Amino acid sequence: MNSETSFKRPALLAAVLIVLIALPTIADATGYSALTSLATRILIYGIAAASLNLVLGYGGLVSFGHAAFFGIGGYVVGILYQHYSLEEPLFGFIPGTNQMLITLPAAILISGLAAAAIGALSLRTGGVQFIMITLAFAQMLFFLFVSLKTYGGDDGLIIRRTNELPGLNMRDKHTVYYVCLVITAAFFALLWRIVNSRFGNVLVGLRQSEKRMAAIGLPAYRYRLMAFIISGMGCGLAGALMANFLRFASPDMMHWTKSGELMVMVILGGVGTLFGPLIGAAVFIVLETTLASWTENWQLALGFILLFVVLYTHGGVQALVLRLAHRPENRNRFSESTMRRFKVLERPLRVRKDARRSNGKR
Amino acid sequence: MTQPILNVRGLVKRFGGLLATDHVDLTVQPGEIHALIGPNGAGKTTLISQLMGELKPNEGTVELAGQSLDALPTAQRVGLGLARTFQITCLLPDYTVIDNVALAVQVRQGHSFRFWKNVRADHSLRDEASTLLTGTGLEPRANELVANLSHGEQKQLELTIALATQPRLLLLDEPMAGLGHVESQQMIETLRGLKNQVSMLLVEHDMDAVFALADRISVLVYGRVIASGSVDEIRQNPEVRTAYLGEGDELC
């Protein structure tokens, strides 16, 4: 099936990549040097949104707590840096570090472990209960970090210098941008393999019909949990990059509004598509930047735009662009029934299994 | 006597005050097509759901070829050789016909914690799925999205997917429901052709199909098996005639 046709358009992909590579140069030449920072943020949020999309779009699990993993990733970098600069080991035996080659894997690992714990509990529920319990876990972590005075509490942690990479000058904004670009490219290549693998196949199957997957003998829980863990790891990676980019980690990174923003990016770009979330992140951040420069109440305008996207584009900006470009073969790769389910914001309550069966029984 | 492939003893399911399954005893012998008939609301689908482990019975035991299934979740029961079709078709609408079949083959082959290789380029899956589709009438429709299939084609696909799990016992929940006459005849022929490969528990309203296929028939009324026997015995059973056949004979 045409599950990911995106990579079959290598020309378009190569063009985008070339633009991204040339972007800092273009930005400097045209005098808009802030563009590089904007693009860095887009790439980082693109990773986070695409991670969320693995469970939300491919797995059909609406997690409202993914900011937790984003924040954990950021705090891993921040806390390791603090212990590095104070030269006192964490818990008395883990030395701090400012080496990105250590902090990024550590952030991925820790957020993966957190996702395993949160996912293992949350996935015992479904539907609205799942949304609420993931939200609850994220808020618990938010308040935990607010109260952690050792690590800045409410004010967050300042990271004086971006983590070091051997042979690179990480004080240069362009270098940071290119590091993020390489990581983003690698991340999306990996994600592309995953969503088209056997694992991705059962995940998308579970989204379409859990009942059918059970009937062919699939134990759903472990696959959903694995997807949740991978997704949490991706968000942790993005959080770690963000902490490096902003040189700051704060509880705001795991506030529920951040989870909402990630979800908005996914919906804006295109739920259940590979590059949709990256496009969504770009649209979101560009909108945020431009609208905020016009009015303080930029969220209102964003709300209307989101409403339009959900109601009329049938699959986000990506689908809209493809339709405008008159590429009917790429139009709306989901059936109507799935699209209806994907209008996440108006998603109906999923009735408990037992209740549904006893009603549905003839 | 040979060991039955399916052995159900004293199965009870209550939904609040409603006794949906009332101490049901049922056996299916190897190689047999055992039909389960009964009026609407008799609890036939509920019984199948309990056999598959989708619903937990309140009492009773279910054995597949002598092995107790009571504590096992649906997925493991499928692994042991139980498969079902759904009365109201339950397929993956965004996938093509061959994707649906290949996915069943994939799950049967073992765990799916494989993250790298493209599943749609995997010949061990595609080839077997193609083989299963050969001669089913779905063959020319292999690359069609399931959402675009007719009802009859979906019923056919339900059966093909169930067979892809290589079951020892097939639970068929009204495979003819909603089919036209010609499609029904094709389905009867298909099921007859499968008789040597797999045992079947056939829930069906279409009496022509039941009498054409079944070796034995059990009649379920208000959750209770009121009669069980050969086709002729059931045909002549007065209780069955009043409870079921007399009720309007042809319900579809």
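Note that the structure is predicted; figures quoted are calculated from it, not measured. To find a chain, count down the sequence lines: A is the first, B the second, and so on, and within it residues start at 1.
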Stepwise side-chain contact (heavy atoms from CB on, under 4.5 Å) check, B:Leu103 with A:Arg212: CA-CA 11 Å; B:Leu103 188 53; A:Arg212 165 47 67 198; over 6 Å; no
Portion of B:Asn148 that has a non-hydrogen atom of chain A nearer than 4.5 angstrom: neither
Most contacts with chain A, counted as non-hydrogen pairs under 4.5 angstrom, among B:Asn143, B:Val146, B:Asp122: B:Asp122
From CG (A:Leu203) to OG (B:Ser112), nearest 0.5 Å: 10.5 Å
Heavy atoms of other groups near A:Arg193 CZ, more than 12 under 6.0 Å: yes
Spacing of B:Asn118 atom CG and A:Arg198 atom CZ [to the nearest 0.5 Å]: 11.5 Å
Atom pair CD (B:Gln106) and CG (A:Asn201), whose distance is rounded to the nearest 0.5 Å: 5.0 Å
Nearest heavy atoms of A:Ala215 and B:Arg84, plus distance in Å: CB-CG, 4.4 Å
Contact summary for B:Trp116 and A:Ser197, nearest pair of heavy atoms: N-CB, 3.8 Å
Parallel, tilted or perpendicular: ring planes of A:Phe199 versus B:Phe115, cut at 30 and 60 degrees: tilted
Which atom of B:Ala75 lies closest to which atom of A:Gly217, heavy atoms considered: CB-O, 3.5 Å
Under 4.5 Å from any heavy atom of chain A - which part of B:Gln166: neither
Chain A interface, residue from B:Met52, B:Gln109, B:Arg108 that has the most non-hydrogen pairs under 4.5 Å: B:Gln109
B:Leu91 CG to A:Lys211 NZ distance, which is reported to the nearest 0.5 Å: 10.5 Å
Heavy-atom pair with the smallest gap, counting every atom of B:Ile161 and A:Ile216: CG2-CG2, 3.5 Å
Interchain contact, B:Leu125 with chain A, by part (heavy-atom threshold 4.5 Å): side chain
Side-chain heavy-atom pair A:Arg207, B:Asp94 within 4.5 angstrom cut-off: yes
